[in-house]
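Report on the structure given below.
Sequential numbering from 1 along the given sequence is applied to the chain's residues. In each ligand, atom 1 is the first atom listed, and ligand 1 is the first ligand listed. Not measured: the values here are computed from a predicted model.
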Amino acid sequence: MSIIEFKNVSKNYNGHPAVKNFSMKINAGERIVILGPSGCGKTTVLRLLAGFISPNSGEIIIDNQIVAAEGKIIKEPEKRNLGMVFQDLALWPHLSVKGNLEFGLKAKGIKKIEREKFIPEMLKLMQMGKFINAKPAELSGGQQQRVALARALILHPEILLMDEPLSSLDQDLNEQLRKEILKLHDKIGFALLYVTHDREEALDIGSRIIVMKNGEIEHQAKLNIQ
Ligand code: ADP
Ligand code: MG
């Protein structure tokens, strides 16, 4: 059964469609990649799902509940159980790695004794244990991405949204982190909605690929290789 559904969703900016009549379903644990060139509407789809913007028409459904429809946000972003690793959602520079991970846990009302347990566990899983007290500026690009991933996954989201998370990394690191994302997916079992303009990345990460062009779905492919 699907956990996410877009039903004929359209979003316009200044009268120009960024996303047109977009429909998709995502099942629990699935790995979906949206592939398409710059400007085709990929980030807009993620922002719609996150609840940062509302659709002009159509409906967005999460766990059988309409969360946005016809220009209205019905469920606020913080009430949707989504994890996000976006290009423009950087780490908080004034907080340590621990502080960055602690923020969401505190907001969820997780007690200190549990936070002190969960944070080192998650950092260990990401091979970032020894950087717990580092500030983001002291970390490399790849390490910062690992912290951003840890910060999202520690909240146990039902689905993780990733917007071209590896595009600024060099090829070796890019491939290494792809493998780690797949490993984490197997281990933790979230659904993944991953956006990229890179075909090879899409084939590597997705169990299903949605190809977008000019705001519309051009093509969908289910891959047998899991
Ligand atoms: P992608 O992520 O695939 O590069 P986007 O979803 O960011 O594409 O953008 C899709 C289209 O919508 C583009 O033409 C872009 O210029 C336009 N767009 C995106 N965000 C805004 C905005 N906040 N205001 C106006 N136009 C926007
Ligand atoms: Mg984008």
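The N/O atoms of Thr43, backbone and side chain alike, include one that comes under 3.5 Å of an N/O atom in ligand 1. Annotation: Ala18 places no N or O atom under 3.5 Å from an N or O atom of ligand 1; distance criterion only.
Of the listed residues (Lys42, Met212, Arg47), the one carrying the non-hydrogen atom nearest atom 3 (O) of ligand 1 is Lys42. Of all the listed residues (Gly39, Gly36, Gly41), Gly39 holds the heavy atom that lies closest to atom 4 (O) of ligand 1.
Ranking protein heavy atoms by distance to atom 9 (O) of ligand 1, first place goes to Thr44 OG1, 3.8 Å. In this structure, the protein non-hydrogen atom closest to atom 20 (N) of ligand 1 is Tyr13 CE1, 3.4 Å.
Hydrophobic cluster membership is shared by Tyr194 and Leu155, with clusters built from Ile, Leu, Val, Met, Phe, Trp and Tyr side chains linked at under 4.5 angstrom.
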### Task
Kindly indicate, with the supporting measurements, whether the criterion salt bridge (charged side-chain N to carboxylate O under 4.0 Å, His left out) is fulfilled by Lys179 and Glu175.
CA-CA 6 Å; Lys179 289 201 188 91; Glu175 285 177 17; 5.4 Å; no

### Query
So Leu166 and Ile181, side-chain contact (heavy atoms from CB on, under 4.5 Å) or not? Walk me through it.
CA-CA 11 Å; Leu166 309 181; Ile181 291 168; 4.2 Å; yes

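There is no protein heavy atom less than 4.0 angstrom from atom 15 (C) of ligand 1. Using a 4.0 Å threshold on non-hydrogen atoms, atom 7 (O) of ligand 1 counts as touching the protein.
If you check the side chains of Ser10 and Asn21, you find no donor sitting under 3.5 Å from an acceptor.
Within the 4.0 Å heavy-atom shell around ligand 1 one finds Cys40. Ligand 1 lies within reach of Pro37, whose nearest heavy atom is under 4.0 Å from it.
Ring geometry for Phe103 versus Trp92: interplanar angle of 30 to 60°, hence tilted.
By the neighbour-count criterion of 12 heavy atoms within 6.0 Å, atom NZ of Lys7 is sparsely surrounded, having that number or fewer from other residues, nucleotides or ligands. Within a 6.0 Å radius of NZ in Lys124, no more than 12 heavy atoms belonging to other residues, nucleotides or ligands are found.
The Mg ion (ligand 2) has no N, O or S atom of Ser38 closer than 2.8 Å.
A salt bridge does not link Lys112 to Glu102: none of the charged nitrogens lies less than 4.0 Å from a carboxylate oxygen.
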